[in-house]
S.K.: 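Let me give you the structure first, and then I'll get to my questions.
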Amino acid sequence: MALFHPFLSHYSTSLLSPVTHKQLGATQPQPLKLVPVAHRPPFNVPTRKTKCGAVADIKPGAPAPLEDDDEDHKVLVGPTSEQERRGDRIVADYDWTEEWYPLYLTQDIPEDAPLGLTVFDKQLVLYRDGNGVLQCYQDRCPHRLAKLSEGQLIDGRLECLYHGWQFEGAGKCVKIPQLPADAKIPRSACVKTYEVRDSQGVVWVWMSHKTPPNPAKVPWFENFDRPGFQDTSTTHELPYDHSILLENLMDPAHVPISHDRTDWSAKREDAQPLRFEVTERTDRGFAGWWGKTTDQSASSFLRFEAPCSLQNNREIVDDKTGETHYFSGLFLCRPTGQGKSMLIVRFGGTKRSPLAKLFPKWYFHQNAGKVFEQDMGFLSSQNEILIKEKVPTKNLYLNLKSSDTWVAEYRKWMDKVGHGMPYHFGHSTISLPKEPAVVEHAPAGLVAGVSASLPAKGGIGTMHAPNLANRYFRHVVHCKECRNVVKAFQAWKNYLSAIAVALTALAILISGRQWKALLLVSAAVCSGGVYACSAAVALNTTNFIRTHRRL
């Protein structure tokens, strides 16, 4: 996945001049704490030494690079501060619950059903009550611990489908069908609530019950509030840890290789060393400029901010009008458990290419799904290795200055705040999950399959069993527009199939040669429509299969 995803290219224009170097939303660095640690590797892992004698690709006639371990520091990312060189660990006060996490795109929240979501290992249920107000509870009925997200909405109240207990407002239980008429509902029959905010089209949740919600911490993205700004937003579930996802999103070097020819913006021959300039480091994240070494004038400004927001911005000045156009790639990540994450992707700008208007939004959405699939195989394997090796990334990664600067910055930031998270994988530190991952099985059997395909669950047929290898369950079930598009294509496919069969039958029965030819041609056109509808449905429901291309 790219910082500037291939489908963002429909917002850009080649007629504009290079970016102007204005810092976008810079913040003052916050003080950090230094904690001395022993001058030794944090784990009993041998220090890696380069003995293989590998050399970079060189042109004929060029002198071979030195094969000396002392030369590694010239190409590998090393210590970034004097404290790091001394072995001091920089620690910042951090509590993962005292943050706002992105739950969902506001436009995609269902009106007629509750929505089950997770943040790390905390299970939540989100819904709109009878007044259209967003309510968020712990996804657990106090009666017998059934998931409330498996329930339904009755007159704006959330009903547990196990015994029909109903809840509203601040988690108050307002109905228990099994209680005698003269009995009062127990005070303890209420659910734990979470504070939510709707900001710039995204619903955010405050996870702490110890500290009151801090409105000042709700993320605000300046470009998305500019006049004329338009964006394409999608949501995706992914089968790997949120830190691996963020690492991948802040890695522009992999784009030409991993996403070669996926769109017109990624070509493997464009792979090259990149330049990076870190301008900020705080206990809330980091920021800086990056760009191609071959084009010193064109740069993008990247900002990572706790807990898991990443934005990549460009400003481009039109030579003809002098007008400044703003472009953003925004990634809002939510940890959804061990080896799982959910991502809200938002690409937009104040100027949009006319070519983009020729394509429907669902086309860009499915193209985004294709890009995630290209990364999914090796990112899942990376997740597996981190869990298996049980050592920090410093002992596993070979981070290059010319490609992996942001990756190293992110893992070092995890070193500062990881102690305040349920688990983390840092550059020099690691804290493994204390609880085993929850294994979620797909429904088995005809009845369970039909149940999973009901409209309230987002499905349209028994073929769609929950499976993160399936594009339908990674994206379409979370996207109201794509869900409606798939249902429409499915309906048109059925209509056209019926018409094609009827026309063919009529052509067989009729005797006139001209009428017979006309009916058969019409049946062929309808059959072509059936094929097109089937292809459109397949684009949104296909299973991921890694295909290898011989060059």
Side-chain angles (χ1 to χ4, degrees), residues 6-7 9-10 108 232 234 259-267 352-374 446 449-465 467 469-550:
F7 83 74
S9 56
H10 72 272
D108 290 329
T232 298
T234 63
H259 308 304
D260 178 33
R261 277 23 183 225
T262 299
D263 216 327
W264 51 83
S265 61
K267 299 177 181 178
R352 193 180 186 190
S353 168
L355 184 63
K357 299 178 182 179
L358 302 178
F359 298 90
K361 281 187 176 181
W362 68 265
Y363 172 80
F364 295 114
H365 288 201
Q366 66 81 28
N367 195 63
K370 179 168 59 176
V371 171
F372 280 113
E373 288 167 357
Q374 291 170 337
L446 177 61
V450 172
S451 174
S453 70
L454 293 178
K457 303 300 178 187
I460 60 169
T462 56
M463 64 177 285
H464 303 298
N467 176 10
N470 186 284
R471 193 178 295 178
Y472 188 89
F473 272 89
R474 285 199 319 273
H475 167 67
V476 177
V477 294
H478 302 294
C479 179
K480 187 179 295 184
E481 180 172 342
C482 287
R483 203 159 56 240
N484 291 335
V485 165
V486 171
K487 290 178 181 178
F489 276 122
Q490 191 77 28
W492 275 106
K493 174 185 172 182
N494 295 336
Y495 296 150
L496 291 173
S497 296
I499 294 173
V501 170
L503 291 174
T504 302
L506 191 58
I508 294 173
L509 296 175
I510 203 168
S511 58
R513 187 175 285 182
Q514 290 182 338
W515 283 106
K516 189 183 292 286
L518 180 61
L519 291 171
L520 288 175
V521 169
S522 300
V525 171
C526 290
S527 298
V530 171
Y531 176 81
C533 290
S534 298
V537 171
L539 279 176
N540 293 283
T541 61
T542 184
N543 284 331
F544 164 69
I545 300 176
R546 166 63 66 186
T547 57
H548 296 275
R549 184 163 65 91
R550 295 183 181 275

S.K.: Just how far is it from atom CH2 of Trp492 to atom CD1 of Ile499, taken to the nearest 0.5 Å?
M.R.: 7.5 Å
S.K.: Would Thr262 and Gln374 satisfy side-chain contact (heavy atoms from CB on, under 4.5 Å), going step by step from the backbone distance to the final call?
M.R.: CA-CA 9 Å; Thr262 299; Gln374 291 170 337; 2.6 Å; yes
S.K.: To check you understand the geometry: which heavy-atom pair defines the closest contact between Cys533 and Leu496, and what is its length?
M.R.: SG-CD1, 4.4 Å
S.K.: Any idea which heavy atoms bring Ala500 and Ser527 closest together, and the distance?
M.R.: CB-OG, 3.9 Å
S.K.: What heavy-atom pair brings Leu503 and Leu519 nearest, and what distance separates the two atoms?
M.R.: CD2-CD2, 3.7 Å
S.K.: Residues in side chain to side chain donor-acceptor pair (under 3.5 Å) with His478, at least two apart?
M.R.: Tyr104, Glu237
S.K.: Quick one: side chain to side chain contact (heavy atoms under 4.5 Å, CB included) partners of Leu539, sequence neighbours excluded?
M.R.: Trp362, Gln366, Arg471
S.K.: CG/Leu506 to CH2/Trp515 distance, rounded to the nearest 0.5 angstrom?
M.R.: 9.5 Å
S.K.: At their closest point, which heavy atom of Cys482 faces which heavy atom of His365, and how far apart are they?
M.R.: SG-ND1, 3.2 Å
S.K.: With no hydrogens and no angle check, is any side-chain donor or acceptor of Asp108 less than 3.5 Å from a backbone partner on Lys480?
M.R.: yes
S.K.: So does Thr232 get a backbone contact from the side chain of Lys361, meaning a donor-acceptor N/O pair under 3.5 Å?
M.R.: no
S.K.: Just verifying a value: how many Å separate Lys493 NZ and Cys526 SG, rounded to the nearest 0.5 Å?
M.R.: 15.0 Å
S.K.: Using the test ring pair (Phe, Tyr, Trp, His ring centres under 6.0 Å), find all partners of Tyr363 that sit at least two apart in sequence or belong to another chain.
M.R.: Phe359
S.K.: Can you tell me how far apart CG (Asn367) and NE2 (His259) are? Round to the nearest 0.5 Å.
M.R.: 10.5 Å
